Trainee: 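Questions regarding the structure given below will be posed in turn.
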Amino acid sequence: MSYTNTTTGSEIADLFASQITGKTFVITGPSNGSIGAQTALDFAAHNPARIILLGRSESKVSPVLAAIAALAPSVQTKFVQVDLADLASVRAAAEQIPTGVDVLVNNAGVMALKTYTKTFDGFEAQFGVNFLAHFLLANLLLQQGKLERGSRVVNVTSAAANMEGFREDDWNFSDGETYHPWLAYCQSKAANILFTSSLAEKAKARGVLSFSAHPGLINTTGLADDVSAESFAEAWKLGTERNGGVPPIEVVKSLAAGSATSVRAALDPTLEDESGAYMKDATVVPRESMKEHLTDTDAAAKLWTLAEELVSVKVDF
Ligand SMILES: NC(=O)c1ccc[n+]([C@@H]2O[C@H](COP(=O)([O-])OP(=O)(O)OC[C@H]3O[C@@H](n4cnc5c(N)ncnc54)[C@H](OP(=O)(O)O)[C@@H]3O)[C@@H](O)[C@H]2O)c1
């Protein structure tokens, strides 16, 4: 099958149905109408054993649980409440996840928060929610033996990562003084790409694979609800500047196509030798064509060490 920006997650799930049946999927950020919800529904169509949805608000996730029940009544579902802006909540959520997780999709995210916001633990909110919370969740599941040989961790990122890397000397934006809503979003998404390549290396001996997935531009989800037209204009300007004067044009995708990259990353057995890769349009992006700050192994190592310290987790790989 050749993958394009209109390939849907459902088409890919049909193709790899045998990788879904009987398996357990954990997805963060599955609010109704979101990419995470669409990803869950794509898996639900092929008799997984369990779908565990980690969400901030049960009322936003219950329509998704109902849709899964209507589509596939035999699938076990579970809602786990989590606030990814609070590491204690992430730890409590990890405790509620059973052993035998086949796929963890770290999908939840926030974008371009207008004012400098800190997580409960004092980290810039996008770095904290989009990256650190998911770093902790994946590492806890590894530490607790819940991700085992053959399991996959998919980290949802964004092409926005092209605009800014890991700001190793100012990752917390000098307590707000140097804050820029878009640079903070971009850093968090670059962190997810660097996290993925390190995790793939470290978890290789355990047989656990990891991929980062850019879903594409889907303008019907809740992500931009609080982002103004002025802020988008600012992002466009910044993106063009940082892209050598060329506007960073993205084709608008349907929600059905928005889950495609995560779904292929989660399922396709032919990707086994590509662990660590960054994917978009359900296709692996060659490392040579990526921005240097996204393939910088030194930055990836420093980010891993910092994250281990900030979230107090250290897995013995
Ligand atoms: N849509 C796009 O064009 C696009 C492009 C590139 C990358 N992405 C990435 O795709 C992922 C999904 O985004 P989306 O477009 O589907 O947006 P969305 O509809 O806003 O979904 C984001 C999800 O993350 C959850 N979330 C946010 N903060 C949280 C917290 N502190 N604790 C727990 N959950 C939290 C949201 O919960 P609530 O509903 O309760 O807020 C929601 O379920 C994100 O990582 C985003 O960065 C999206």
Side-chain angles (χ1 to χ4, degrees), residues 5 9 26-42 53-65 79-94 105-113 117-121 123-134 136-137 154-163 181-182 184-193 195-196 212-227 232 235 239 248-263 265 278-281:
N5 58 21
V26 177
I27 304 168
T28 68
S31 297
N32 199 27
S34 69
I35 297 168
Q38 183 61 48
T39 307
L41 289 166
D42 294 339
L53 299 179
L54 269 65
R56 173 157 57 173
S57 132
E58 187 159 11
S59 62
K60 288 191 180 181
V61 179
S62 46
V64 183
L65 294 169
F79 170 75
V80 175
Q81 203 281 330
V82 69
D83 181 357
L84 296 166
D86 178 355
L87 296 178
S89 175
V90 177
R91 286 181 178 276
V105 186
N106 284 325
N107 161 86
V110 282
M111 181 174 80
L113 302 182
T117 310
K118 283 185 181 182
T119 64
F120 184 84
D121 307 275
F123 312 128
E124 187 284 316
Q126 292 165 88
F127 193 67
V129 169
N130 301 355
F131 165 58
L132 284 173
H134 289 121
L136 176 60
L137 180 63
V154 178
N155 293 316
V156 177
T157 179
S158 167
N162 287 322
M163 290 199 265
W182 286 100
Y185 181 64
C186 298
Q187 167 178 250
S188 73
K189 291 297 171 178
N192 281 348
I193 292 174
F195 162 37
T196 302
S212 56
H214 166 49
L217 175 58
I218 298 92
N219 61 10
T220 56
T221 68
L223 194 66
D225 281 358
D226 297 323
V227 183
F232 272 118
I249 294 172
E250 284 264 338
V251 176
V252 175
K253 283 188 180 186
S254 65
L255 180 61
S259 57
T261 307
S262 292
V263 170
Y278 165 62
M279 298 172 66
K280 66 173 189 181
D281 294 336

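When reading the values below, keep in mind they use all heavy atoms of this one structure, side chains included, and skip hydrogens, waters and symmetry mates. When a ligand or atom number is given, it counts from 1 through the structure's own listing order. When a residue number appears, it is its place in the shown sequence, counting from 1. All of these numbers come straight from a predicted model, not from anything done at the bench.
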Trainee: Write down the atom of Ala213, the atom of Val154, and the distance for their closest heavy-atom approach.
Mentor: CB-CG1, 4.0 Å
Trainee: Considering only non-hydrogen protein atoms, determine which one is nearest to atom 30 (C) of ligand 1 and report residue, atom name and distance to 0.1 Å.
Mentor: Leu84 N, 3.6 Å
Trainee: Within the distance-only criterion (no hydrogens, no angle test), does the side chain of Asn32 pair as donor or acceptor with the backbone N or O of Pro63 below 3.5 angstrom?
Mentor: no
Trainee: Name the option, out of Ser34, Gly109, Gly36, that contains the heavy atom nearest to atom 22 (C) of ligand 1.
Mentor: Gly109
Trainee: Indicate yes or no for a side-chain donor-acceptor contact from Asn130 to the backbone of Val110 under 3.5 Å, with no hydrogens or angles considered.
Mentor: yes
Trainee: Please report which non-hydrogen protein atom sits nearest to atom 19 (O) of ligand 1, along with the residue it belongs to and the distance in Å to one decimal place.
Mentor: Gly222 N, 2.9 Å
Trainee: Heavy-atom count around Phe120 CZ within 6.0 Å, excluding the residue itself: above 12?
Mentor: no
Trainee: Tell me which part of Pro215 gets within contact of ligand 1: side chain, backbone, both or neither, using heavy atoms under 4.0 Å.
Mentor: side chain
Trainee: Starting from atom 3 (O) of ligand 1, which protein heavy atom do you reach first, and at what distance in Å?
Mentor: Ile218 N, 2.8 Å
Trainee: Is the closest heavy-atom distance from Gly258 to ligand 1 below 4.0 Å?
Mentor: no
Trainee: Would you confirm whether Thr28, through its side chain, and Ala108, through its main-chain N or O, come within 3.5 Å as a donor-acceptor pair?
Mentor: yes
Trainee: In terms of relative ring orientation, are Tyr185 and Trp182 parallel, tilted or perpendicular, with 30° and 60° separating the classes?
Mentor: perpendicular
Trainee: Among all protein heavy atoms in this structure, tell me which lies nearest to atom 16 (O) of ligand 1, with the distance rounded to 0.1 Å.
Mentor: Ile35 N, 2.8 Å
Trainee: Students often mix this up, so state it plainly: with edges at 30° and 60°, are the rings of His214 and Tyr278 parallel, tilted or perpendicular?
Mentor: parallel
Trainee: Can an N or O of Val129 be found at a distance shorter than 3.5 Å from an N or O of ligand 1?
Mentor: no
Trainee: Which residue and non-hydrogen atom of the protein lie closest to atom 11 (C) of ligand 1, and at what distance in Å?
Mentor: Asn107 O, 3.0 Å
Trainee: So which heavy atom on Asp281 is nearest to which on Lys253, and how close?
Mentor: OD1-NZ, 2.9 Å
Trainee: Would you say the side-chain atoms of Gln38 pair up with the backbone N or O of Gly33, donor to acceptor, closer than 3.5 Å?
Mentor: no
Trainee: Are the side chain of Ser212 and the backbone of Ile193 linked by a donor-acceptor contact shorter than 3.5 Å?
Mentor: no
Trainee: Answer yes or no: is there a donor N or O on one side and an acceptor on the other, between the side chain of Ser158 and the main chain of Ala161, under 3.5 Å?
Mentor: no
Trainee: Say whether Lys60, considering both its backbone and side-chain N or O atoms, lies within less than 3.5 Å of an N or O atom on ligand 1.
Mentor: yes
Trainee: Which atoms of ligand 1 sit under 4.0 Å from any heavy atom of Leu217?
Mentor: 3 (O)
Trainee: Using a 3.5 Å cut-off on N or O atoms only, is Lys189 in polar contact with ligand 1?
Mentor: yes
Trainee: How far is atom 47 (O) of ligand 1 from the closest protein heavy atom, and which atom is that?
Mentor: Tyr185 OH, 2.7 Å
Trainee: Please state which protein non-hydrogen atom is closest to atom 39 (O) of ligand 1 and give its distance, to 0.1 Å?
Mentor: Ser31 OG, 2.7 Å
Trainee: Counting non-hydrogen protein atoms only, what is the nearest one to atom 31 (N) of ligand 1? Give residue, atom name and distance.
Mentor: Asp83 OD1, 3.0 Å
Trainee: Report the member of Arg56, His134, Met111 with the shortest heavy-atom distance to atom 40 (O) of ligand 1.
Mentor: Arg56
Trainee: I'd like to check which ligand 1 atoms, numbered from 1 as shown, lie under 4.0 Å from a non-hydrogen atom of His214.
Mentor: 6 (C)
Trainee: Hey, which atoms in ligand 1 end up nearer than 4.0 Å to a heavy atom of Ser158?
Mentor: 6 (C), 7 (C)
Trainee: Would you check if the side chain of Asn192 reaches a backbone N or O of Val156 as a donor-acceptor pair within less than 3.5 Å?
Mentor: yes
Trainee: Which atoms of ligand 1 are found less than 4.0 Å from any heavy atom of Val82?
Mentor: 32 (N), 33 (C)
